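One structure is given below, encoded as structure tokens.
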Amino acid sequence: MRRPEAPATAHESGLKSAGEPSVTMEAEQLQRLLDALPALISYIDSDERYGVVNRAYERWFGEDSGSIVGRQVRELIGDAAYAAVKPHITAVLAGRPQDFESRLTYRKGGRRHVRIQYIPHLGASGDVRGFFALVSDVSEQKRAEDARRFLADASAALDPAQGRDAGFRRVAALAVTSVADLCTIHTLEPDGSVHARVVAHAEPAKAELAARLARLGRPLPEPGTRTSLLHEVLHGGHGRLLPDLADPALAGADHLAALRELGCRSAVIVPIRGDGCVLAALTLASAEVDRTCDAADLAFAEQLSQRMEVALQRVRLYDMARDAESEARRRFLAEQEARRAAERAAQRMAGLQRITAALADALTSEAVAQVVVDIGVAAAGAYAGTIVVTAGDGLECLKEVGYGRETVERFRQMPLDAALPLTDALRTGAPVWLRSREECSARYPRIASAVLSGATVSLCCLPLVVQERPIGVLGLSFAEPRPFDQEEQEFLVAVSRQCAQAMERARLHEERAALVERERRAALENARLYREAHEADRRKDEFIAMLSHELRNPLAPITTGLELLQMSAQMSAGERVDRDDGQILATLERQVKTIVRLVDDLLDVSRITRGKIELKRERLDVASVVEAAVESVRPLLVQRGHDLVLSVDPGVFVHGDRVRLEQVVVNLLNNAIKYTNPGGRVSLACAAIDGDARIRVTDTGVGISAELLPRVFEPFMQARRTLDRSQGGLGIGLTLVKRLAELHGGRVEALSGGPGEGTAISVWLPLAGAPSAPAEAPAPKAPGAAPPRALHVLLVDDNVDAADGLRRVLQLHGHAVSMAHDGPAALEAARASKPDLVLLDIGLPGMDGYEVVRRLRAEPELTRSYIAALSGYGQDQDRRRSREAGFDAHLTKPVATEQLLSLLAEAAPRG
């Protein structure tokens, strides 16, 4: 009976309106009206608690309606049913009406097929206060529909080609999905016992219990004992209706006890007949609480059994036709087999001759295997074959033909202890003959399905034995059962012997060839190592000579300048010569910077090679980097008399380390200036091209030869130099350029037309993205700003000359300085003077600087002293070690005056 559709939404204003008779009815009258309806009607608030329920809830759940009000939906209907309706509750509480059907298993009330409507209750402001629920039981309607559909599906499932038991299983599977909770089919065995052919249950959780009960046989009752209902039906009885399995009168029936154990409450049992006798008994059982099997269910079961009877008759007719066809085929095959036997004998002899001839020319194991699987497989009448050989503790496939890709991958490698025909043949040294699938299943039950995959029906595995030592196995697969008679076995064993002998010959040949090849490769490797050692030795000598030359160049003017200053100091005021101290000092400063730059370049190459360098990236305009680099090399440009041509596009931004990118451009310019004869031209161009910033430096210098050009970025690689080494450098500038560019995600390229044609070196760097909002920059400190007051400085260095030079600089800037030249003296001087700043050399004799700083930090009166390390080592690990020892700062020798003054300014507040 079709119900009128409920309104989509119930508004609070409508509930309170005086003009609607349905809402002005007294509460008691309304409740009586709701209680008279068979469907569940309730109001549920937004917390999912029942506010109003009708009396149908008592009939469904067996609880007083008053006790239901105030309880949550999940508590009443149970977890299983709640999980099914929860998405719809969520939707209606979001204001969306719900109308759906579902088969629910209630905590109390059993399993029902229901139609549910949820109507949201909206407040005056449009918010959802709760919802009205209307739940109707449509189980009987669905059951009738399912029965009709099931009978049609069951008829289609009873395919005679699939056999009787397969049809039974499909019918049972269909039954528990639509018309019953449990379906069993029992047959009567020749000994009089009852056997459960099929047991299927609708709930997966009870499937294991159902299967266990299915394995329990039920013997024929002893004489004088009560016969079970199942035996009665199987012995020609009529169908039985069992509306209540809990009836004490049925307590002795073990079949019904099993049904009760599976949760069934009522059932029907009907016979399945054929050829004038009962062939099986069909049981359909229900576990629903409020439903009892009735005469309609018995009539339905009998309809189903009749259809199964027709299907069984079709199965018998199909089997008879198939048997007749099989017999005719067997006779035909016997005749064909006799004919093929004669043909195979001739083919075997011809095949053995072809194999013998082909193996004579096979000089490698792969070639032997190829001959056997190509010719031997065909000669043996196999459709597929393989040769596996020993490899360590297992077998591996050397060659195969005819097998599927999945099979090849699965058995490409096998452990020797695997339970496989191939490994058994290798371990025993005897052939393995598997004449049929059944024989394989009997001998190798665990792997029969994998070994006999695809078209394989029978197979043989023949060990390859050399001097009583198995070296592999020949496996052949056949698409039909093979008797492997004496004649065929002798032929296949002969093939395997020829294969084993040929593989042994090939192994010896391969060993001789491998020995010759190893000797040849060893000679080539020795020659290569000699050339590399000679080249490395030559490059080492050139680098040492260049390093000596490069260090002597700045040392010469330093030495001369120092002598001039010493001579000036020895002269009296009246005997002073005409000289320019400022020029001498400038020369000394330039040459010292040259030495420092050489050392820094060497350290940079080492740090980059070991991945120890860190970039301090920022958004940079390449034009500003180029401007700073040009200023750095301008003195060298003037000295060499070169013209510099600049073409730098503005607004080319990259994300990089300003210092390192300036180092890249300086090295490119230095390289171009040094390798260009005086009066030449150096060009620098920068532009944005295809998402990169390209910096190109071009010169009119000596150029690069074609053989040197691919290696120009390697460390210490240089063009051939003249004896005066006028260009200078250590051959690491371009190495630094390449590695710094790569650290920035870029690349480099060198082009040259050859000697005398100049060089163009380009660096590509990824362009930076759009700038983010600029951060407020901190106020810059004035470089080298003097500290606000004079400090007491303790200077500790075992190099007296270096210490004296620093003392003079500090005193010139108004600071008091005391000195010590070893660790103990430094400790005494610090305790006596309590200095504001300690400049402490790390490499002191005896007690090093690390130990001195640890002891100074242990002095309570020196806790406010600022302690800076002085060292010739300035790599990251050196700075980290000094910081861990207790130093506040780390200065690398030689210390620039600006750096020293900045340190003084930093130490002043501490004192």
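Residues take their numbers from the sequence shown, with the count starting at 1. Since we're looking at a predicted model, the values are computed, not measured.
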Next on the checklist: Ignoring hydrogens, what is the shortest heavy-atom contact between L844 and G823? Give both atom names and the distance.
Outcome noted: CD1-N, 4.1 Å

Checklist entry - Do the side chain of N526 and the main chain of A522 share a donor and acceptor less than 3.5 angstrom apart? => result yes

Checklist outcome for this item: Interatomic distance, CG@L767 vs NE2@H655, rounded to 0.5 Å, equals 13.0 Å

Next on the checklist: Quick test of your reading of the model: are R658 and E662 salt-bridged, counting only N-O distances below 4.0 Å?
Outcome noted: no

Checklist entry - Hey, are the side chains of L734 and L668 touching, using non-hydrogen atoms and a 4.5 Å cut-off? => result yes

Checklist entry - Are E851 and R855 within salt-bridge range, i.e. N to O under 4.0 Å? => result yes

Next on the checklist: Between T892 and R879, does the side chain to side chain donor-acceptor pair (under 3.5 Å) criterion hold? Intermediate values first, please.
Outcome noted: CA-CA 10 Å; T892 305; R879 297 179 183 276; 3.3 Å; yes

Item to check | Residues S683, R696; criterion side-chain contact (heavy atoms from CB on, under 4.5 Å); working and verdict | outcome: CA-CA 8 Å; S683 302; R696 170 173 287 184; over 6 Å; no

Item to check | R808, CZ atom: more than 12 neighbouring heavy atoms under 6.0 Å | outcome: no

Next on the checklist: Working note: V654 + H744, criterion side-chain contact (heavy atoms from CB on, under 4.5 Å); need CA distance, chi angles, decisive distance, verdict.
Outcome noted: CA-CA 9 Å; V654 297; H744 283 79; over 6 Å; no

Item to check | Close side-chain approach of L810 to L839, heavy-atom, < 4.5 Å | outcome: yes

Checklist entry - E884 and R881: salt bridge (Lys or Arg N to Asp or Glu O under 4.0 Å), yes or no, with the steps? => result CA-CA 5 Å; E884 293 171 352; R881 185 180 177 190; over 6 Å; no

Checklist outcome for this item: The side chain to side chain contact (heavy atoms under 4.5 Å, CB included) partner of V664 among L765, V748, V763 is V763

Checklist entry - What's the shortest heavy-atom distance between I842 and S871, and which atoms? => result CD1-CB, 3.9 Å

Checklist entry - Below 4.5 Å, heavy atoms only, C-beta onward: do P835 and L862 meet side chain to side chain? => result yes

Next on the checklist: Could you tell me if the side chain of R617 sits less than 4.5 Å from the side chain of L615, heavy atoms only?
Outcome noted: yes

Next on the checklist: Any side-chain to backbone donor/acceptor pair from H890 onto A869? Under 3.5 Å, distance only.
Outcome noted: no

Item to check | More than 12 heavy atoms from other groups under 6.0 Å of CD on Q811 | outcome: yes

Checklist entry - Hey, what do you get for CG (L795) to NE2 (H821), rounding to the nearest 0.5 Å? => result 8.0 Å

Checklist entry - Which value, rounded to the nearest 0.5 Å, describes the distance between L637 atom CG and S632 atom OG? => result 11.0 Å

Checklist entry - Does a side-chain N-to-carboxylate-O contact under 4.0 Å join R520 and E517? => result yes

Item to check | Side-chain donor/acceptor of T700 to backbone N/O of G680, under 3.5 Å | outcome: no

Next on the checklist: Less than 4.5 Å apart, side chain to side chain, heavy atoms only: is that true for L891 and L903?
Outcome noted: yes

Checklist entry - Going by atom types only, do Q663 and R660 share a side-chain donor-acceptor pair under 3.5 Å? => result yes

Checklist entry - If every non-hydrogen atom of F713 is compared with every non-hydrogen atom of I761, which pair is closest and at what distance? => result CZ-CG2, 4.2 Å

Next on the checklist: Are the side chains of Y675 and I704 in contact, using a 4.5 Å heavy-atom criterion?
Outcome noted: no

Checklist entry - Is a side-chain N or O of D657 found less than 3.5 angstrom from the main chain of K616, in a donor-acceptor match? => result yes

Checklist entry - If every non-hydrogen atom of G656 is compared with every non-hydrogen atom of L620, which pair is closest and at what distance? => result O-CD1, 3.4 Å

Next on the checklist: Salt bridge check, E828 against R831: does any charged N sit closer than 4.0 Å to a carboxylate O?
Outcome noted: no

Checklist entry - Measuring from T676:OG1 to D643:CG, what's the distance to the nearest 0.5 Å? => result 11.5 Å

Checklist entry - Which heavy-atom pair separates F887 from G849 by the least distance, and what is that distance? => result CZ-O, 3.7 Å

Checklist entry - Does the pair M847 and L827 meet the rule for a side-chain contact (heavy atoms from CB on, under 4.5 Å), with working shown? => result CA-CA 11 Å; M847 183 188 299; L827 294 174; 4.1 Å; yes

Checklist entry - How long is the gap from CG on D699 to CG on L644, to the nearest 0.5 Å? => result 12.0 Å

Item to check | Side-chain donor/acceptor of S865 to backbone N/O of L837, under 3.5 Å | outcome: no

Checklist entry - Between R857 and D888, is there a side-chain N and carboxylate O pair less than 4.0 Å apart? => result yes

Checklist entry - Counting only heavy atoms not in E525, do more than 12 sit closer than 6.0 Å to its CD atom? => result yes

Checklist entry - Of V633, V737, L684, which meets side chain to side chain contact (heavy atoms under 4.5 Å, CB included) against V665? => result L684

Checklist entry - For D841 and D798, what are the C-alpha separation, side-chain angles and deciding distance, and is it a side-chain contact (heavy atoms from CB on, under 4.5 Å)? => result CA-CA 8 Å; D841 183 24; D798 62 327; 3.1 Å; yes

Next on the checklist: Tell me whether the count of non-hydrogen atoms from other residues, nucleotides or ligands lying under 6.0 Å of CG in D690 goes above 12.
Outcome noted: no

Checklist outcome for this item: One should read off an interatomic distance between L806 CG and D797 CG, to the nearest 0.5 angstrom, of 7.5 Å

Checklist entry - So, H792 side chain and D836 main chain: donor-acceptor pair closer than 3.5 Å or not? => result no

Item to check | Closest heavy-atom pair and its distance - P710, E707 | outcome: CD-O, 3.6 Å

